Amino acid sequence: MDFNLTEEQQMLQDTVARLVREQYGFEAREGFYRSEVGFSTAFWQQLSELGLTAVPFDEALGGFGGGCVDNLVIMTELGRGLCLEPFLHSQIFGGGLLQQLANPDQQQTLLPQVVSGELQLAVAFEEPQSHYRLNDVACRAEAVEGGWRISGRKSVVIGGDSADRILVSARTFGEQRDDSGISLFVLDPAAEGVSRSGYPCIDGPRAFDLLLEKVFVPSGAMLGEEGQALGALRYQQGRAIAAQCAEALGSMEEVFSLTLDYLKTRKQFGRPIGEFQVLQHRMADICSELEQARSMAIMAACVADEPDSDDRSRRLTAAKYIVARAARFVAEQAIQLHGGIGMTWEYSLSHHAKRLVMLSHQFGDDDHHLGVYAQLMQTA
Amino acid sequence: MDFNLTEEQQMLQDTVARLVREQYGFEAREGFYRSEVGFSTAFWQQLSELGLTAVPFDEALGGFGGGCVDNLVIMTELGRGLCLEPFLHSQIFGGGLLQQLANPDQQQTLLPQVVSGELQLAVAFEEPQSHYRLNDVACRAEAVEGGWRISGRKSVVIGGDSADRILVSARTFGEQRDDSGISLFVLDPAAEGVSRSGYPCIDGPRAFDLLLEKVFVPSGAMLGEEGQALGALRYQQGRAIAAQCAEALGSMEEVFSLTLDYLKTRKQFGRPIGEFQVLQHRMADICSELEQARSMAIMAACVADEPDSDDRSRRLTAAKYIVARAARFVAEQAIQLHGGIGMTWEYSLSHHAKRLVMLSHQFGDDDHHLGVYAQLMQTA
Amino acid sequence: MNIRYTADELAFRDEVRAFVRQSLPADIATSVRLGKHLNKEQHQRWQRILSTKGWYAANWPVEHGGTGWTVVQKHIFQEECAALGAPRLISFGVNMVAPVIIKFGTEQQKACYLPRILSGEDWWCQGYSEPGAGSDLASLKTRAVRDGEHYVVNGQKTWTTLGQYANRIFCLVRTDTDARPQQGISFLLIDMDSPGISVRPIITLDGEHEVNEVFFDNVRVPVQNRIGEENRGWTCAKYLLTHERTGQAGIGTSKAALAHLKQVAAQETCDGRPLIEDPLLRAQIADIEMQLMAIEMSTLRILAAAQAGGVPGAESSILKIKGSEIRQAISHLMRKVLGPHALPFVEAELNPAFAGEPRHADYSSAPASEYFNLRKLSIYGGSNEIQKNIIAKMMLEL
Amino acid sequence: MNIRYTADELAFRDEVRAFVRQSLPADIATSVRLGKHLNKEQHQRWQRILSTKGWYAANWPVEHGGTGWTVVQKHIFQEECAALGAPRLISFGVNMVAPVIIKFGTEQQKACYLPRILSGEDWWCQGYSEPGAGSDLASLKTRAVRDGEHYVVNGQKTWTTLGQYANRIFCLVRTDTDARPQQGISFLLIDMDSPGISVRPIITLDGEHEVNEVFFDNVRVPVQNRIGEENRGWTCAKYLLTHERTGQAGIGTSKAALAHLKQVAAQETCDGRPLIEDPLLRAQIADIEMQLMAIEMSTLRILAAAQAGGVPGAESSILKIKGSEIRQAISHLMRKVLGPHALPFVEAELNPAFAGEPRHADYSSAPASEYFNLRKLSIYGGSNEIQKNIIAKMMLEL
């Protein structure tokens with residue numbers, strides 16, 4: 001048992017924390033949000049130059065060889081700064097899929113640019129009807145001469161209009177909700193038949209909907225074995241969930257600190273509101289939720305690199321569940337403790353609150369994971 | 001809309017309240033509890049002499065012609081005094097079934113004694129496997145010459161060893177969980193093949209388990225039409241639920257008042273604990289729960305006499321649900337606010353707490369009724 | 001006892017229902033149901049419709065153009081309107097300043113202001129809260145200094161709802177700084193176009209411009225614009241706070257929202273089935289519906305008491321707490337039912353005039369915004385914590 | 001980072017597991033699992049088994065007969081024992097007074113008391129709480145007046161757990177009434193057979209005799225029975241309160257209870273199916289199991305810090321609150337799973353020696369009693385409200 005960061009991880013943390021502190025003030029963020037790509041390309045550039053985009057990749061593939069604890073360190077700091085860059089979706093989720101499934105050819109042509117951050121990925125897995133179920137894939141890829149033609153819709157693909165490649169799940173055989181028959185394709189968004197319509201999400205990052213009309217992709221664009229992509233999607237979504245827990249942790253820590261400050265400085269009825277016992281206990285509850293969430297984020301990071309197993313799945317699902325619950329509680333109560341001021345756009349707290357609540361709309365909310373855990377739970 | 005008691009109901013309330021106050025001090029109750037029948041036969045006698053046992057019955061049948069609001073008045077006061085007598089099970093539930101289903105012959109032979117309180121009823125509807133489902137009847141009645149032979153088990157029949165007649169549901173045809181095929185029989189517990197083993201329940205009243213081994217009952221002992229008893233059981237259980245909500249209300253009101261007193265008099269850290277804001281807010285929560293429960297108990301009383309309908313079922317189920325939740329909250333928090341003293345046998349509060357929590361184990365707990373409501377809920 | 005309305009009340013309810021069904025413009029009903037941001041014109045249009053019918057000033061006495069309805073009728077009207085998807089009336093004029101003017105105003109003030117409220121000519125906003133005051137209303141700092149026949153007002157108000165639409169504002173101002181906090185306050189009516197007034201929008205976390213800061217820089221207000229005596233404004237404020245508090249629970253609004261939630265849950269799917277069939281979600285909806293039934297019954301009990309002449313006390317605080325919790329719980333479920341489709345934040349789609357193709361469905365644009373916006377329910381009008389203080393003090397005497 | 005135990009720790013865990021599985025008497029395991037009221041003989045038998053193995057005084061230094069285990073080993077031992085259904089050790093002697101004697105006692109006191117604790121010869125109980133004091137420990141009133149080489153003790157203690165079995169009691173008594181509340185307190189060891197001591201049972205709402213009142217009427221206690229200096233007893237009390245608080249969450253106990261709940265839910269039926277298949281119940285169980293996982297992880301983090309020499313602070317309060325909530329939630333579900341079968345209250349069936357036919361099933365006799373009994377978890381040892389005060393003060397500095 002060891003809950004300390006290594007010296008290297010400590011340095012990594014210092015680096016990212018300093019970068020975020022210096023580049024990602026709240027006003028700067030507002031500017032990035034309002035920009036066309038919806039995040040800071042300069043900041044992304046810096047992540048790339050400092051080698052941070054390479055952290056989650058194997059050394060053999062030009063990466064830094066970091067594990068999910070390194071991801072935890074990075075994502076916690078990005079979460080603290082409410083950063084808008086697609087680190088999680090491009091480097092951890094998309095990058096993870098690529099690394100797990102790419103054949104040598106794909107490794108050569110795609111991976112180096114992804115590792116360096118030059119080429120950003122997005123993963124398109126939600127559909128209008130799927131509601132967090134990775135196996136519910138109505139999008140179909142038909143075998144044609146030299147490749148495939150994909151038709152269907154994908155919803156709320158996080159990663160913005162700027163993603164250079166989209167990893168799309170599409171069914172090459174089987175019924176709509178079968179586990180097998182799902183394949184993964186590397187899609188160039190510039191291909192004919194691709195309509196991508198982007199928008200900001202309410203918690204900040206940009207996303208897009210995808211309409212695919214008989215889009216041709218060459219055979220070489222298939223990632224992994226035909227029809228067998230679900231396992232990898234689930235596994236890598238597990239890594240993404242661990243990273244998201246870390247992001248939520250950073251955000252919650254920031255909210256906790258802003259709120260505690262507020263309780264100590266804000267006066268009402270002639271004294272700091274932190275002297276009111278009800279608010280003290282509420283803050284103690286926040287503290288307790290944060291503590292559990294921290295424990296689960298750490299646990300998730302520690303198991304996410306393990307080989308697939310029921311134990312790993314249970315723990316990652318539990319982490320997502322506990323963190324989602326804590327995040328919502330912390331967000332709602334932080335606003336409540338602040339009163340009206342906590343609801344204003346010009347105060348960073350409200351944006352953290354949105355992020356913390358809406359994170360649960362990616363990769364499944366607490367109800368979804370409660371159901372998943374209930375199925376996976378050992379009963380004898 | 002009218003939430004006032006009539007003058008007669010007001011008098012009824014005064015009568016029962018005075019009786020309970022005078023006869024049912026906490027120490028006296030302990031004596032009744034320890035006695036062989038488990039309640040006060042003298043008190044029951046008084047209820048009878050004052051005509052209170054006749055309240056829930058039609059005037060045409062020798063009753064007082066009271067409705068469920070009269071039951072509300074009586075049960076609230078009995079609840080306040082934590083009374084152990086089987087008023088609800090014998091007069092309201094059992095009596096209601098009898099009144100609804102009895103043929104003229106049964107009316108003549110049985111009802112007058114029940115109305116007067118001389119003959120007490122218990123209703124045996126739970127089985128080892130049924131978990132609140134009235135339709136889950138494994139107990140079987142076989143047609144034989146001149147009557148029926150009943151075999152099976154009934155669990156936790158409230159009403160003590162002293163019930164003179166037991167209304168037993170048994171299946172005369174159909175599969176174990178079919179809605180039709182359930183018949184109701186008036187059973188003399190002295191009949192051959194009946195084993196009745198009694199015990200106190202943790203919240204005070206006595207109950208018994210029933211083992212029926214080929215018990216012969218004559219044809220005239222069947223209540224209502226063969227195989228059609230489920231509707232009446234459900235309808236009358238609805239009236240019993242309304243009465244139980246009232247009982248819980250009386251008990252909660254007493255707990256509320258004991259706890260509020262305690263907060264005002266008990267000192268800790270040099271001041272009355274009621275000055276601590278956290279405890280004030282907890283008490284406000286109790287107050288709010290009590291208010292909702294009171295509203296629902298009143299509503300239940302008002303609709304319980306209506307003809308059967310989905311609206312009536314929904315409202316009664318909702319009342320049971322809201323009251324059960326409130327009762328548990330009030331019980332748990334009252335103990336918590338009292339600290340250790342609230343857990344002692346010698347303080348009436350702890351017995352109220354047990355009653356309030358365990359009421360939910362009769363006629364279905366909150367989870368059961370949540371499920372029932374979810375099914376009955378209008379969705380379009 | 002009887003929980004049902006009388007035959008007369010039922011007839012009245014049917015009349016209201018029929019009128020609203022017939023008269024509520026479809027675009028307004030749709031905007032409300034889908035959680036779009038109603039614009040000024042829509043608010044005014046609905047007010048005019050009610051005003052023409054004579055139902056706008058439901059709470060006023062007949063002699064001033066009110067309806068003369070009973071407490072129960074007012075409740076029925078309010079809840080039916082809400083349940084049928086009518087917009088909540090902007091209450092600052094018709095239901096807040098007007099009752100104060102009727103109770104404490106001079107004949108001249110009544111003659112001047114009430115007709116303009118009825119006709120929709122005046123749009124009022126409220127100048128109560130100040131930065132740094134929050135729930136501690138009596139600590140207000142905006143000063144009004146007497147200068148001949150005027151007060152000179154300096155200071156700042158905040159959280160002024162829809163102040164951007166208003167041409168008048170009613171304010172609590174401090175006219176005596178030596179008195180104890182709740183004394184020395186006066187109640188002033190101020191024209192928003194007075195020199196020295198400026199309005200700055202406050203954008204809330206959902207991107208909405210609903211509230212404002214209002215700044216007073218040497219604003220001259222005629223003394224005749226004061227309601228009641230100088231330094232006795234707290235009396236007006238208290239009257240207003242206790243006036244008509246039975247609608248606190250917002251039952252009609254919650255009913256409409258719950259019905260909408262069920263409809264959406266019947267359209268959204270998971271695992272190939274409508275979400276409404278998911279046992280866990282269904283149980284959560286059932287739980288809320290039963291809680292709503294309970295506060296509706298509590299409201300009816302308070303109404304009946306008020307009908308008989310009682311004054312609702314801290315029970316209103318219970319309704320306010322539970323009502324806001326229920327409304328927030330519905331908005332939480334609504335957001336969850338949408339799953340990933342709750343994420344897109346396309347402000348254009350929140351405009352009632354939006355005519356394009358919605359991102360996912362017409363009902364999916366607003367719920368996340370609305371969920372965040374509704375955090376206000378447990379904060380404003382006395383936070384839920386303040387309400388519990390009130391219960392502890394008034395009902396429990398702790 | 002690594003959440004897993006080291007190979008050595010895993011080997012240790014396996015050793016503990018194997019030993020407990022082999023050595024825990026079946027009757028004791030059954031009594032614990034089914035929630036029966038363990039008797040004195042069962043407690044002592046299990047203590048002797050551990051003592052023989054050398055594992056009874058897990059927290060003592062080796063020189064006094066302890067194990068010399070690391071913090072993590074102690075945790076593993078405690079949680080494994082609990083998870084495998086061993087009874088909770090009665091801690092008053094081995095884990096409460098003993099550490100105080102070891103830390104503050106004279107050599108003579110150590111030599112006198114420690115071996116008798118190890119051997120099981122002495123059964124200790126605790127004289128801390130007093131009527132009217134509750135969570136306000138420092139307000140105690142029991143007086144000890146010096147009379148030559150004795151103190152004369154007068155007063156009353158309450159909530160003395162299993163005092164009916166004890167031959168010794170350790171007490172906080174007031175030796176200086178003029179000092180500030182937390183000063184002027186001394187820590188005394190008293191023989192329960194001293195003239196003037198009487199014990200009165202307190203029966204709790206579940207009918208159990210677990211706690212007692214202890215009365216002191218001119219009880220003469222030799223001065224040499226005082227631990228530490230006169231008027232410095234608060235130091236001992238505080239040491240004891242902060243000593244070994246990592247077990248607060250009771251994770252092993254909750255794990256065992258949760259496993260038992262699942263087994264019972266697989267046997268009880270509703271609508272012809274095992275209750276464990278009911279989606280709502282299953283979700284409630286899953287929710288608790290995940291919460292339990294979270295506090296287990298939090299516990300491990302605190303342990304690792306303690307292993308590295310840190311002193312756990314108010315984090316223990318978080319664990320105590322969450323741990324008690326989880327344990328209470330499990331007991332609530334256990335009661336509910338039984339449906340009507342939770343109602344019967346047949347005290348004979350709670351006796352480990354009961355050999356008759358159980359009313360419904362062997363597992364159905366105790367859960368309702370246990371649910372009520374466990375209300376104590378959020379009350380004793382500093383109520384959950386007091387724990388939140390501690391968090392606010394110590395961690396948040398509010």
Side-chain angles (χ1 to χ4, degrees), chain A residues 126 128-133 135-136 155-158 176-177 197 199-205 207-209 266-270 273 276 278-279 282 328 331-332 335-347 349-351 353-354 357-358 360-362 364-368 370-371 374, chain C residues 129 131-136 138-139 158-159 181 201-209 211 268-272 275 278-281 284 328 332-333 335-349 357 359-361 368-369 371-373 375-376 378-380 383-385 388-389:
Chain A
E126 286 283 1
Q129 81 296 340
S130 63
H131 202 84
Y132 309 129
R133 304 268 180 147
N135 61 313
D136 191 342
S155 299
V156 199
V157 186
I158 316 274
Q176 186 179 319
R177 288 182 298 280
S197 64
Y199 44 80
C201 291
I202 191 163
D203 56 341
F208 58 90
D209 291 346
R266 162 78 164 164
K267 288 188 181 167
Q268 210 163 52
F269 302 104
I273 59 174
F276 290 95
V278 160
L279 307 191
R282 196 80 53 83
R328 179 183 165 217
E332 289 185 352
I335 289 179
Q336 185 70 21
L337 289 173
H338 274 85
I341 200 78
M343 286 188 63
T344 57
W345 188 280
E346 59 190 24
Y347 182 27
L349 182 101
S350 75
H351 298 269
K354 285 188 284 186
V357 170
M358 300 310 292
S360 76
H361 291 256
Q362 288 177 35
D365 62 11
D366 48 340
D367 283 352
H368 172 85
L370 182 60
Chain C
S129 299
S135 292
D136 184 7
S139 72
T158 191
W159 311 124
I202 298 174
I203 306 300
T204 44
L205 76 176
D206 53 331
E208 195 168 351
H209 174 199
V211 286
E268 291 292 305
T269 59
C270 179
D271 206 18
L275 266 169
D278 175 75
L280 262 69
L281 175 70
Q284 292 176 74
Q328 288 177 339
H332 167 67
L333 285 188
R335 173 174 61 65
K336 291 184 83 156
V337 160
L338 294 175
H341 307 297
L343 282 161
F345 178 57
V346 185
E347 293 188 77
E349 293 185 14
E357 181 78 3
R359 200 68 32 185
H360 170 67
S369 294
Y371 162 82
F372 289 108
N373 182 277
R375 302 316 308 163
K376 70 188 177 192
S378 49
I379 294 173
Y380 70 7
S383 70
N384 282 6
E385 287 79 10
K388 289 189 189 179
N389 285 350

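Quantities reported herein were computed from a predicted structural model and do not represent experimental measurements. Each chain gets a letter, A, B and so on, in the order its sequence line appears, and its residues count up from 1.
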* To do: Report yes if some heavy atom in the side chain of C/Phe345 is under 4.5 Å from a heavy atom in the side chain of A/Cys201; otherwise report no.
  => no

* A/His361 versus C/Arg335: any side-chain heavy-atom pair under 4.5 Å? -> yes

* To do: Go through the atoms of C/His341 and report whether side chain, backbone, both or neither lie under 4.5 Å from a heavy atom of chain A.
  => both

* Should C/Thr269 and A/His131 be marked as a side chain to side chain contact (heavy atoms under 4.5 Å, CB included) after you check the CA-CA gap, both sets of side-chain angles, and the distance that decides it? -> CA-CA 7 Å; C/Thr269 59; A/His131 202 84; 5.9 Å; no

* To do: Could you check which of A/Ser350, A/Ser155, A/Gly340 has the highest count of heavy-atom pairs closer than 4.5 Å to chain C?
  => A/Gly340

* Looking at C/Asn373, C/Asp206, C/Val346, C/Asp271, which makes the most heavy-atom pairs under 4.5 Å with chain A? -> C/Asp271

* Asked: Who wins among A/Val278, A/Leu349, A/Asp365, A/Asp203 for the most heavy-atom pairs under 4.5 Å with chain C?
  -> A/Asp365

* Can you tell me how far CD1 of C/Ile202 sits from OH of A/Tyr347, rounded to the nearest 0.5 angstrom? -> 15.0 Å

* Interchain contact, C/Leu280 with chain A, by part (heavy-atom threshold 4.5 Å) -> side chain

* Structure fact -> Heavy-atom nearest pair, C/Glu268 first then A/Pro128, reads OE1-O, 4.3 Å

* Structure fact -> The interface call for C/Asp278 against chain A, heavy-atom contacts under 4.5 Å, is neither

* Structure fact -> Heavy atoms of A/Tyr132 and C/Gly339 approach each other most closely as OH-CA, 3.1 Å

* Contact class of C/Val337 relative to chain A, heavy atoms under 4.5 angstrom -> backbone

* For C/Gln328 and A/Glu332, test the side chains for any donor-to-acceptor distance below 3.5 angstrom and give the result as yes or no. => no

* Asked: Measuring heavy-atom distances to chain C, does A/Leu279 have an atom under 4.5 Å in its side chain, in its backbone, in both, or in neither?
  -> side chain

* **Which atoms of C/Leu281 approach chain A - backbone, side chain, both or neither, heavy atom under 4.5 Å** => neither

* **Polar contact flag, side-chain donor to acceptor under 3.5 angstrom, C/Ser378-A/Gln336** => yes

* **Side-chain heavy-atom pair C/Arg359, A/Ser197 within 4.5 angstrom cut-off** => yes

* Which bit of C/Glu208 comes within less than 4.5 Å of chain A, counting heavy atoms only: side chain, backbone, both or neither? -> neither

* A/Arg282, A/Arg328, A/His338, A/Met358: which one forms the most heavy-atom pairs within less than 4.5 Å of chain C? -> A/Arg328

* Structure fact -> What one should report as the nearest heavy-atom pair of A/Thr344 and C/Trp159 is CG2-CH2, 3.6 Å

* Taking C/His360, C/Lys376, C/Lys388, C/Glu385 one by one, which has the highest count of heavy-atom pairs under 4.5 Å against chain A? -> C/Glu385

* To do: Indicate the atoms forming the closest heavy-atom contact of C/Leu343 with A/Gln362, along with that distance.
  => CD1-CG, 4.2 Å

* To do: Go through the atoms of A/Asp209 and report whether side chain, backbone, both or neither lie under 4.5 Å from a heavy atom of chain C.
  => side chain

* To do: Quick one: pull up CD in C/Glu347 and CD1 in A/Ile202 and give me the separation to the nearest 0.5 Å.
  => 9.0 Å

* A/Ile273, part contacting chain C, at a heavy-atom distance under 4.5 Å -> neither

* Please flag which part of C/Thr158 lies under 4.5 Å from any non-hydrogen atom of chain A: side chain, backbone, both or neither. => neither

* Taking C-beta and beyond as the side chain, do C/Tyr371 and A/Val357 meet within less than 4.5 Å on heavy atoms? -> yes

* To do: With the side chain counted from C-beta on, respond yes when C/Lys336 and A/Asp366 share a heavy-atom pair under 4.5 Å apart, and no when they do not.
  => yes

* Could you tell me which portion of A/Gln129 (side chain, backbone, both or neither) has an atom closer than 4.5 angstrom to a non-hydrogen atom of chain C? => both

* Distance-minimising heavy-atom pair for A/Lys354 and C/Leu205 -> NZ-O, 2.6 Å

* Test side chain to side chain contact (heavy atoms under 4.5 Å, CB included) on C/Cys270 and A/His368 and set out the steps. => CA-CA 10 Å; C/Cys270 179; A/His368 172 85; 5.7 Å; no

* **Heavy-atom pair count under 4.5 Å with chain A, highest-scoring of C/Leu338, C/Asn384, C/Leu275** => C/Leu275

